[in-house]
Protein chains: 2
Amino acid sequence: MEKTVVKAIRVLESLALSPRPRALGEIAAVCDMTKSNAHRLLQTLSEMHYVRQVPESRSYEATLRLWEMGMRVFDRFDIRGVASPVLRGLQEKTGESVHLSIFDDGDAVYIDRIDSQQAVRAYIRIGDRVPAYCTATGRAMLACLGEAEVAAASRDMRRHTELTVATPDALAAALAEVREKGYALTRGEWRQGVVGVAAPIRSQSGTVVAGVGVAGPAERMGEDNVAVATRAVLQAATDISHALGFSDSGHAGLPS
Amino acid sequence: MEKTVVKAIRVLESLALSPRPRALGEIAAVCDMTKSNAHRLLQTLSEMHYVRQVPESRSYEATLRLWEMGMRVFDRFDIRGVASPVLRGLQEKTGESVHLSIFDDGDAVYIDRIDSQQAVRAYIRIGDRVPAYCTATGRAMLACLGEAEVAAASRDMRRHTELTVATPDALAAALAEVREKGYALTRGEWRQGVVGVAAPIRSQSGTVVAGVGVAGPAERMGEDNVAVATRAVLQAATDISHALGFSDSGHAGLPS
DNA sequence: CTGTAGATTCCAGATATTGGAACGACATAT
DNA sequence: ATATGTCGTTCCAATATCTGGAATCTACAG
């Protein structure tokens, strides 16, 4: 365990928790270290912009950098925490594996999942990165994002199976269909024999922040099951979006 | 500049900014360090609860600890940032030094100030800690806080000048007067010859989070100027409270 | 079952960190 | 006005800490 790092964090925490700026001596005392040590640590934290010295009193205070970083973390956790129970419900309703993913630099990245109970099941790992243009959650998100994101996703298109939609034009058509229907359906474009249905999740501000989908083996994903899954996925996406504070003023559509 | 600390912060930032959990190798690559190094850093950050390893994929993600700490910082900055322009206005209107302080463990601590332009002026430093029971901003806050805070403030009462209110009973009476009038007025109880007027600031939740006041030499603080200062201080406190999201549903009172 | 990729552990060598002392800047007390 | 004390800052040799490569372990994929 790195002692210097621990000390630095203790110093930073003492400032973050303090309701007022603290003098060097005080910090050294509270954190139980010599003044030179505390001073050097504060110097480093200043250069990293986590701490500043108030010009007037020479004492130190935490900057908003900590908050800035914390907010980034919070955003992500918010989605996972809120989505978690909905994912469980979706898994039970459909019986297949359900995935929650976000869009990152042209790819879809899985941030949560609940596995099917079946012996044959679609399998991914949390943290796995897959091309957005040929996966269900990826395409669902892509359909609601801007030019730049679509361009990023189109950067390195290739056929992963015989069915992969691997040209920008074909992708554009697929995305248009997603926008029209409100959900994305992929049949073995990424992994042979895997069928996926997914829908985009919107945050309070209305921007698409994630995608939720179910995936299962083609043998089980016949018309009936896909119809069930589609309805369930759209409902789940709506539920999660609402939980995030999104209110769909205007259009909304469950397929009849 | 402490290299280990810098590296640790880089690792933490890369995780905070990442929209998804990162694998060890990835982190090492992004932060330009060996895997052993990154691993040790992550171990340390885990023990500090800033990072956790997701059990499923063995990759690492930032925890909410960062957000938790950031929020503490944000609360404080929020007050200062919002109050700053109001303080400037108050200084111009009254011509005296204006102070912004918070309550901390029985004391008032100055977190911002704007000095009078006059040759003779009340002077404090940001970060200075003064007894709450005998200063204007301190008493204004104390009047709106609970038993425990008053007890903390009464722990070590003493006469700092001939006029200091230095008994719990006398303090209780003074606080009752503050509550009735809505502002605190002190005349040379802490520093001889200094007169202060102050009012409490409330946050969105309605709790008193700070106090704002003006202070000047007794020679200039005659009845007329005190009346002007009182009105200005009450207005400033109201303005800052509103800016913090406080809505005074019900009572409100400018002295007629 | 074997191979591969990645995570984790280990350790001697390299070096960054440590703390005391000296210095400088202020501010108050005499 | 001078003295005195407090607090922040700088410096440096001793050394405890950190470093990175290699060995080990684990889990998955073929």
Side-chain angles (χ1 to χ4, degrees), chain A residues 1-11 15 20-48 51-61 110 113 115 120-130 160 190-194, chain B residues 1-11 15 21-48 51-61 110 115 121-130 160 190-192 194:
Chain A
M1 179 132 137
E2 263 127 334
K3 284 187 77 172
T4 319
V5 175
V6 174
K7 285 186 182 182
I9 292 180
R10 284 211 195 303
V11 167
L15 286 180
R20 65 190 177 84
R22 299 254 179 220
L24 172 63
E26 238 178 320
I27 298 168
V30 168
C31 300
D32 191 39
M33 52 181 78
T34 61
K35 282 200 298 185
S36 356
N37 201 342
H39 183 257
R40 228 163 337 101
L41 257 5
L42 287 164
Q43 205 86 356
T44 304
L45 290 171
S46 295
E47 294 192 43
M48 304 295 288
V51 159
R52 80 183 201 102
Q53 190 167 27
V54 335
E56 188 54 58
S57 63
R58 269 186 306 185
S59 52
Y60 296 86
E61 67 182 4
Y110 296 112
R113 70 126 208 260
D115 261 15
V120 177
R121 62 177 87 161
Y123 175 73
I124 56 97
R125 277 175 305 185
I126 293 175
D128 275 358
R129 172 176 290 258
V130 297
H160 299 281
W190 168 239
R191 296 301 187 209
Q192 197 141 28
V194 175
Chain B
M1 178 133 137
E2 262 128 334
K3 285 186 75 173
T4 317
V5 175
V6 174
K7 285 186 181 181
I9 293 180
R10 283 210 195 303
V11 167
L15 286 181
R22 299 255 179 219
L24 172 63
E26 240 179 319
I27 298 167
V30 168
C31 301
D32 192 39
M33 53 182 76
T34 62
K35 282 201 294 184
S36 357
N37 201 343
H39 183 258
R40 229 164 334 104
L41 257 6
L42 286 164
Q43 205 85 358
T44 304
L45 290 171
S46 294
E47 294 192 42
M48 304 295 287
V51 161
R52 81 182 201 104
Q53 190 168 26
V54 335
E56 189 54 60
S57 64
R58 269 186 308 185
S59 52
Y60 297 86
E61 67 182 3
Y110 296 113
D115 262 15
R121 64 177 84 160
Y123 175 74
I124 56 96
R125 279 175 305 182
I126 293 175
D128 275 357
R129 171 176 291 259
V130 298
H160 300 281
W190 167 240
R191 296 298 186 210
Q192 198 140 29
V194 175

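Residue numbers begin at 1 in each chain, while the letters A, B, ... track the order of the sequences.
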Any side-chain N or O of B/Lys7 under 4.0 Å from OP1/OP2 of D/dT19?
-> yes

Would you please confirm or rule out a distance under 4.0 Å between OP1 or OP2 of D/dT9 and any side-chain N or O of A/Tyr60?
-> yes

Could you tell me which non-hydrogen atom of A/Lys35 sits nearest to which non-hydrogen atom of A/Gly25, and how far apart they are?
-> CD-CA, 4.1 Å

D/dG8 P sits how many Å from A/Ile27 CD1, rounded?
-> 8 Å

Search all heavy atoms of A/Val194 against all heavy atoms of A/Ala122 and return the closest pair with its distance.
-> CG1-CB, 4.3 Å

pair A/Lys7-A/Val11: side-chain heavy atoms closer than 4.5 Å | no

Report yes if the side chains of B/Leu42 and B/Leu15 come closer than 4.5 Å at any heavy-atom pair, otherwise no.
-> yes

Using whole Å, report how far CD of B/Gln43 lies from P of D/dG20.
-> 17 Å

Intra- and inter-strand pairs of DNA chain C in dot-bracket (Watson-Crick or G-U wobble, both distances under 3.5 Å; | for another strand) = ||||||||||||||||||||||||||||||

On DNA chain C, more 5' by nearest nucleotide between B/Val5 and B/Glu26 is B/Glu26

Closest approach of A/Ser59 and A/Pro21, non-hydrogen atoms and distance?
-> OG-CB, 3.4 Å

Close side-chain approach of A/Met33 and A/Leu41, heavy atoms under 4.5 Å = yes

Closer than 4.0 Å, any side-chain N/O of A/Gln53 to the OP1 or OP2 of D/dT9?
-> yes

D/dA29 P sits how many Å from A/Ile124 CD1, rounded?
-> 12 Å

Distances under 3.5 Å between nitrogen or oxygen atoms of protein and nucleotides 11-14 of chain C:
none

Under 3.5 Å between N/O atoms: give me all the protein pairs with nucleotides 20-30 of chain C, atom names plus distance.
unit_1 : atom_1 : unit_2  : atom_2 : d
C/dG20 : O6     : A/Ser36 : OG     : 3.2

Side-chain contact check for A/Thr4: nearest option of D/dT19, D/dT17, D/dG8 is D/dT17

So, B/Glu2 and A/Arg40, do they make that salt bridge, N to O below 4.0 Å?
-> yes

Indicate the atoms forming the closest heavy-atom contact of A/Gln53 with A/Arg58, along with that distance.
-> NE2-O, 3.0 Å

Distance, rounded to the nearest Å, where A/Lys35 contributes NZ and C/dG19 contributes C1' = 12 Å

In terms of heavy-atom contacts, does CZ of B/Arg121 have more than 12 from other residues, nucleotides or ligands at under 6.0 Å?
-> yes

So does A/His39 get a side-chain nitrogen or oxygen closer than 4.0 Å to the phosphate oxygens (OP1/OP2) of D/dG8?
-> no

Whole Å only: how far is the CG atom of A/Leu42 from the C1' atom of D/dT9?
-> 12 Å

What integer distance in Å separates A/Arg191:CZ from D/dG30:C1'?
-> 14 Å

To the nearest Å, give me how far apart CD (B/Glu2) and C1' (C/dG19) are.
-> 13 Å

Between D/dT9, C/dA16, C/dT18, which nucleotide has the shortest distance from any of its atoms to the side chain of A/Asn37?
-> C/dT18

Closest heavy-atom contact between B/Leu24 and B/Ala38?
-> CD1-CB, 3.8 Å

First locate atom OH of A/Tyr60, then atom CD of A/Glu26, and finally report the distance between them rounded to the nearest 0.5 Å.
-> 12.5 Å

Round to a whole Å and report the spacing from CG of A/Leu24 to C1' of C/dG19.
-> 14 Å

For the residue pair A/Val6 and B/Met48, establish whether any side-chain heavy-atom pair is separated by less than 4.5 Å.
-> yes

